[in-house]
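Notes follow the structure.
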Amino acid sequence: MNKMIPRVRFAPSPTGFLHVGGARTALFNWLYARHFKGTFILRIEDTDQSRNTPQALSVIFDNLSWLGLDWDEGPLPDGSSKGQFGPYFQSQRKEIYNEYCNRLIAKELAYIKDEAVYFRMPRKRIIVSDLICGDIYFDCSLEKDFVIRRKDGSFVFHLVNVVDDLEMQISHVIRGEDHLSNTPKHIALFEALGMSPPLYAHIPLILNPSGTKMSKRDKGSSVQEYIDEGFLPQAFRNYLCLLGWSLKENREIFGIEEAIAKFDLPQIHRSNARFNHQKLLWINGEYMRSLPLDELYPHAFFWLKKAGLIDQNTDCSFLKQAVGIVREKVKTGKELVEWMKPLLSDTLQYDEAVVQQYLDDKGKEILREALPYLEEVSSFQAKELEAIIKNLSLKMGRKTADYIHRLRVALTGRTVGPSLYPMLEVLGKQKVLNRLYKVVGPKE
RNA sequence: GGCCCCAUCAUCUAGUUGGUUAGGAUACGGCCCUCUCAAGGCCGGUGGACGGGUUCGAAUCCCGUUGGGGCUACCA
């Protein structure tokens with residue numbers, strides 16, 4: 001086994017969703033592989049047949065792809081696979097497990113009892129040399145033998161995990177700390193099979209905001225929720241990096257390339273981290289604003305399409321401009337969709353209270369004052385528009401805000417929205433005038 | 001219960017050969033900016049669980065206590 005070129009793996013179970021803890025485990029494995037130009041392997045731990053469905057499998061593919069984590073070996077969505085160490089589904093590796101199991105029995109390192117196969121656990125001290133936790137001593141002198149093949153012939157996690165790791169020549173096992181206590185068993189299995197174990201790195205767990213274990217039942221525990229909420233993968237994986245790892249230079253926003261360049265195992269924290277939704281929101285907002293518009297646009301398109309706000313006929317250049325002004329104000333895709341509604345639809349929802357406050361007789365009068373200027377302005381650009389509204393307010397002795405607020409309400413039905421002048425420009429003269437006349441009544 | 005891991009602001013963290021006014025970020029509060037909302041700028045409070053050691057000196061090393069987490073399955 002060549003330790004210079006790491007081979008790492010992510011081995012999820014097709015449960016129907018990807019846990020955020022699993023996502024970070026995948027991310028750290030992937031970062032490690034990419035940093036050292038190693039191999040990142042995807043292996044599906046589907047020994048539990050009951051929950052092994054095609055949909056559950058595609059969730060893994062989809063969510064990993066969304067995160068931008070590509071694998072060098074493993075199954076592919078089209079049903080094929082790549083890599084020379086397959087099959088990459090545990091359900092297709094029974095012969096292999098059987099062979100190893102029999103080998104252990106032959107060497108009398110395992111035995112049959114009650115129709116199950118038990119591994120003869122060595123009664124000795126086992127040292128786990130962990131890349132993150134250091135040397136940990138386990139006194140296994142009282143450890144009980146454990147089942148590796150069940151009565152029904154299926155194999156237990158410890159056995160399949162070890163066999164797969166050695167068959168696939170995994171060099172570094174990077175996994176959640178919840179496996180730390182299992183590691184002596186795994187090491188004993190490796191030794192019984194005459195192999196030296198891989199290097200281990202147990203990463204701290206991700207906890208709920210309350211500090212309890214994040215289980216599948218908990219809200220916010222699945223990656224899909226964040227996709228649905230309209231988080232950007234760039235932001236989400238950036239945040240995931242921050243849970244247990246940091247650049248160590250007082251900077252928290254960094255791209256995946258920089259993470260790859262600087263990632264390594266020894267710098268990882270030893271203590272568990274709570275998931276902080278507020279901070280994720282902040283990071284997402286940062287990316288929302290700073291991503292090149294062309295990079296943000298496909299995500300926005302996806303959100304808007306899913307919300308049913310756009311179709312094939314929507315004007316792309318208008319859409320992109322609208323996203324460009326709205327993204328300054330929002331933190332998630334869901335918010336963006338909400339803010340885009342008045343820009344995309346010509347049937348506005350006016351709140352009664354808002355109308356009374358802003359579009360009463362006085363409000364309409366103010367809008368009428370502005371209308372001729374908006375009609376006559378030579379170029380419908382934010383700068384020009386700002387100039388004419390400012391001049392108008394000077395001339396009429398009003399506050400600029402008097403015009404701005406009423407225009408916003410008249411044009412969007414809302415008191416909160418994008419900055420006015422850019423919005424006027426994006427909507428364009430025609431839409432602006434149409435909407436305003438709809439509010440104040442036709443020209444006399 | 002047994003075994004293992006962990007312990008710096010509310011939260012994520014910097015610190016790693018003991019000597020810092022314990023730094024940053026999010027959140028929170030105040031002020032400024034302002035066209036609503038954001039963003040931005042400035043300021044602010046809050047911190048090494050507790051108790052013992054070692055030392056001239058401990059967030060940093062040792063021990064104990066407490067607290068949190070994990071494992072202890074014919075789940076993975």
Side-chain angles (χ1 to χ4, degrees), chain A residues 11-15 22 45-48 50-51 90 113-118 128 130 132-134 136-140 142-144 146-158 160-161 175-185 202 204-207 209-214 239 241-253 266-267 269-283 285-286 288-290 326-331 335 339 358 386 389-390 393 399-409 412 414-423:
Chain A
S13 208
T15 57
E45 305 223 332
D46 57 348
T47 51
D48 186 349
S50 63
R51 50 186 180 188
Q90 289 187 334
K113 189 179 106 183
D114 299 332
E115 297 175 66
V117 179
Y118 283 74
V128 176
D130 193 278
I132 293 167
C133 306
I136 301 155
Y137 296 75
F138 289 88
D139 178 8
C140 297
L142 296 174
E143 194 71 24
K144 284 183 283 189
F146 60 92
V147 172
I148 53 176
R149 187 173 69 196
R150 300 186 187 91
K151 194 189 287 187
D152 66 4
S154 63
F155 293 92
V156 168
F157 164 72
H158 302 299
V160 299
N161 198 265
R175 57 175 21 165
E177 197 197 40
D178 48 344
H179 287 296
L180 186 55
S181 301
N182 289 146
T183 307
K185 288 179 182 159
H202 288 91
L205 268 21
I206 296 177
L207 271 24
S210 61
T212 55
K213 185 189 180 178
M214 192 181 256
Y239 178 65
C241 281
L242 259 22
L243 264 21
W245 185 72
S246 77
L247 245 32
K248 301 189 186 298
E249 51 179 85
N250 288 346
R251 191 159 52 82
E252 296 181 303
I253 304 291
Q267 329 152 7
H269 253 242
R270 298 138 294 261
S271 54
N272 297 341
R274 300 180 190 203
F275 196 94
N276 187 332
H277 200 263
Q278 286 289 351
K279 189 143 187 174
L280 207 213
L281 274 175
W282 169 71
I283 291 182
E286 291 286 312
M288 202 68 106
R289 267 174 279 115
S290 65
V326 167
R327 63 132 148 201
E328 298 293 329
K329 308 287 187 174
V330 299
K331 290 195 160 71
E335 268 185 88
W339 281 58
Y358 290 92
E386 180 167 5
I389 296 294
K390 282 202 167 140
S393 50
K399 283 185 275 185
T400 313
D402 288 338
Y403 292 100
I404 289 173
H405 291 158
R406 285 174 177 87
L407 282 166
R408 177 177 292 112
V409 170
T412 67
R414 301 176 185 183
T415 56
V416 174
S419 300
L420 186 75
Y421 304 119
M423 180 169 71

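A note on names: the letters A, B, ... follow the listed sequences, proteins ahead of strands, and every chain is numbered from 1.
At a threshold of 4.0 angstrom between heavy atoms, the contacts of A:A273 are confined to the sugar-phosphate backbone, with no base atom among them.
Without hydrogens or angle criteria, A:R270 side chain to A:C133 main chain gives no donor-acceptor distance under 3.5 Å.
Nearer to the 5' terminus of RNA chain B, by closest-nucleotide assignment, is the contact made by A:Y239 (compared with the other of A:Y239 and A:K331).
Applying the 3.5 Å distance criterion, the base of B:U72 shares no donor-acceptor pair with the side chain of A:K144. Between the side chain of A:R408 and the base of B:C35 there is at least one donor-acceptor pair of N/O atoms closer than 3.5 Å.
A:E335 places its CD atom 10 Å from the P atom of B:A39, with the value rounded to the nearest Å. Rounded to an integer number of Å, the gap from CZ of A:R289 to C1' of B:G40 is 9 Å.
Of the candidate nucleotides B:C6, B:C35, B:A76, B:C35 has the atom lying nearest to any side-chain atom of A:H405.
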When every nucleotide of nucleotides 63-69 of chain B is labelled 5' to 3' by its protein contacts under 4.0 Å (heavy atoms), B for base, S for sugar-phosphate only, - for none, what sequence of letters results? -----SS
Once base and sugar-phosphate atoms are separated, protein heavy atoms under 4.0 Å mark nucleotides 15-21 of chain B, 5' to 3', with B, S and - as S------
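Searching all strands for a Watson-Crick or G-U wobble partner of B:A59 with both distances below 3.5 Å returns nothing.
Straight-line distance between the C1' atoms of B:G23 and B:C61: roughly 23 Å, to the nearest whole Å.
A:K329 has no carboxylate O lying under 4.0 Å from a charged side-chain N of A:E335, or vice versa, which leaves the two without a salt bridge.
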